[in-house]
Novice: 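Pasting a structure here, questions to come.
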Amino acid sequence: MKQKFSFLFLAAMALCMTTGCAVSDYDGFENRQTQAESKLFGLDVSIIAGDPAVDGTYAYTVKYDNRGGRDVNMKIISYRNPVPDSFTRDGQVDRDGDDVQGRAGILGGKFLPQYVAVDPLPDCQFEANITQDHSGLGGPLATACLTVNEEIDKDLDLQAAFSSLGDLIGQVFSGALNNGFTAELTGLVINGVEAPLPRAVSIHSKANGLRPHSLSIDLTQPGGRELIQAILNRTPDDVPVSVGLRFSGGMKIDVPSHIRVAFNHQALGSLL
């Protein structure tokens, strides 16, 4: 199976790794039809927030037919496995989107739909696109608007691509990070404004010799609640913002301009 991938997935993960968000908007690739569900590559993330309705592992798929123009029935499914760190097998053998629903993660549990969105229009409508909510939370903690993202599908039409992301990726290639690593999140950038965190938040990841994958974050750790509070203090409620992350050692990840996120303050505040 051929697949297109780069390291923009790190930036996309930055949107969701603090909250386990729902993907509400997507445009997909021009003239492409998915074979049933296509998995959004690299967006798997594990969250521990201290709320059993939120804790777990998240994965995302899309279903569309853009052969006659943008599909007005673009379908986006946000899956949740209630077991934290129970990822799909992305990073070893990348799993097709059709092999997510109802399947077990590596530590057990099953991936079941948490949110279903239907996106009829380009640009970002966020929660207006959510047609099914199985969370019991009264809406997602955050919603992400993506234009395109690397996909994993069975139809073999995505071309291979590969690029590096500075020293982090160089260390993965060299074997210096051949199992896993921890990055210390020290600040956010909201709409271009720096927001340092009072205490760093540890984010754990694995590496497979080619790239990092499977990010995990425990928001009950020291600094986790301060991270949530920083989001509440620095963002408007349910209004799209641009997001960047700052790490100890000087590493920076800025989300591309075509990706935006909106935070649900009421739902996030319930975690404090």
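Below, all heavy atoms of this structure are taken into account, side chains as well, without hydrogens, waters or symmetry copies.
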Novice: Would you check if the side chain of D25 reaches a backbone N or O of F126 as a donor-acceptor pair within less than 3.5 Å?
Specialist: yes
Novice: Between K63 and E37, is the closest basic N to carboxylate O distance under 4.0 Å?
Specialist: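 Salt bridge flag = no for K63 with E37.
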Novice: Determine whether a donor-acceptor pair (N or O, by modelled atom type, separation under 3.5 Å) exists between the side chain of T186 and the backbone of R246.
Specialist: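 Looks like yes, one N/O pair under 3.5 Å.
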Novice: For a 4.5 angstrom cut-off between non-hydrogen side-chain atoms, does N81 reach K110?
Specialist: no
Novice: Mind checking whether V116 and I130 have side chains closer than 4.5 Å, heavy atoms only?
Specialist: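 No, their side chains stay 4.5 Å or more apart.
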Novice: Could you tell me whether the side chain of L185 reaches within less than 4.5 Å of the side chain of L197, counting heavy atoms only?
Specialist: yes
Novice: Is a donor on one side and an acceptor on the other found under 3.5 Å between the side chain of T57 and the backbone of S86?
Specialist: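 Yes; judged by distance alone, with no hydrogens or angles, the pair exists.
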Novice: Taking L107 as the starting point, is it possible to reach F87 by hopping between hydrophobic residues whose side chains are less than 4.5 Å apart?
Specialist: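 Same hydrophobic cluster.
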Novice: For Q132, does the CD atom sit with more than 12 other heavy atoms under 6.0 Å from it, leaving out its own atoms?
Specialist: yes
Novice: Using the test side chain to side chain donor-acceptor pair (under 3.5 Å), find all partners of D133 that sit at least two apart in sequence or belong to another chain.
Specialist: S135
Novice: Taking the side chain as every heavy atom from C-beta outward, state whether V189 and L245 have any atom pair closer than 4.5 Å.
Specialist: no
Novice: State, with a plain yes or no, whether a side-chain heavy atom of I47 is found less than 4.5 Å away from one of Y58.
Specialist: yes
Novice: Looking at E184, is its backbone amide N or carbonyl O close enough to the side chain of S202 to form a donor-acceptor pair, meaning the two atoms are under 3.5 Å apart?
Specialist: no
Novice: Considering non-hydrogen atoms only, spot the tightest contact between A230 and L188 and give its length.
Specialist: CB-CD1, 4.4 Å
Novice: Consider only side-chain heavy atoms of I, L, V, M, F, W and Y, link residues closer than 4.5 Å, and tell whether I77 and V118 are in one cluster.
Specialist: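 Different hydrophobic clusters.
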Novice: Verify, without hydrogens or angle tests, whether D55 (side chain) and A49 (backbone) share a donor-acceptor contact under 3.5 angstrom.
Specialist: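 Yes, because the side chain of D55 sits within donor-acceptor range (under 3.5 Å) of the backbone of A49.
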Novice: Decide side chain to side chain contact (heavy atoms under 4.5 Å, CB included) for Y79 and Q101; before the verdict, give the C-alpha distance in whole Å, the side-chain angles of both, and the deciding distance to 0.1 Å.
Specialist: CA-CA 7 Å; Y79 288 99; Q101 181 170 1; 3.2 Å; yes
Novice: If the threshold is 4.0 Å, N to carboxylate O, is there a salt bridge linking R70 and D119?
Specialist: yes
Novice: Are L137 and Y115 close enough, and set up right, to give a side chain to side chain contact (heavy atoms under 4.5 Å, CB included), and what steps lead you there?
Specialist: CA-CA 11 Å; L137 298 170; Y115 304 101; 3.9 Å; yes
Novice: Could you walk me through whether Y26 and L40 pass the side chain to side chain contact (heavy atoms under 4.5 Å, CB included) check?
Specialist: CA-CA 10 Å; Y26 190 72; L40 296 184; 3.7 Å; yes
Novice: Side chains of R260 and V241, heavy atoms from C-beta outward: is any pair under 4.5 Å?
Specialist: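 R260 vs V241: side chains apart.
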Novice: Do N129 and P120 have side chains that get closer than 4.5 Å, going by heavy atoms?
Specialist: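 Contact flag for N129/P120 side chains = yes.
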Novice: Between R32 and D71, is there a salt bridge with N-O shorter than 4.0 Å?
Specialist: no
Novice: Please report the shortest heavy-atom distance between E226 and P198, naming the atom on each side.
Specialist: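 Between these two residues, the closest heavy atoms are OE1-CB, 3.6 Å.
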Novice: With distance as the sole test, does S46 use its side chain to make a donor-acceptor pair with the main-chain N or O of S216 at under 3.5 Å?
Specialist: no
Novice: Any chance you could lay out the side-chain hydrogen bond (donor to acceptor under 3.5 Å, both in side chains) test for D238 and N264, step after step, and finish with the verdict?
Specialist: CA-CA 5 Å; D238 279 331; N264 182 332; 4.9 Å; no
Novice: Taking N66's backbone N and O only, do any of them form a donor-acceptor pair with Q33's side chain (distance below 3.5 Å, no angle check)?
Specialist: no
Novice: For A59 and K39, work out which heavy atoms get closest and say how close.
Specialist: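 Distance-wise, the nearest heavy atoms are CB-CE, 4.3 Å.
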Novice: Quick one: does any side-chain atom of H265 pair with a main-chain N or O of T235 as donor and acceptor, under 3.5 Å?
Specialist: yes
Novice: Test your reading of the model: is there a side-chain donor-acceptor pair from R234 to the backbone of A195, 3.5 Å cut-off?
Specialist: no
Novice: Any heavy-atom pair between the side chains of L232 and L272 that's under 4.5 Å?
Specialist: yes
Novice: Hey, quick one: are I48 and I203 part of the same hydrophobic cluster, counting side-chain heavy atoms closer than 4.5 Å, chains of contacts allowed?
Specialist: no
Novice: Under a 3.5 Å threshold, yes or no: a donor from one side chain and an acceptor from the other, between S24 and Q125?
Specialist: no
Novice: I would like to know whether L112 and R80 meet side chain to side chain contact (heavy atoms under 4.5 Å, CB included); could you show each step before the answer?
Specialist: CA-CA 6 Å; L112 297 175; R80 173 177 171 263; over 6 Å; no
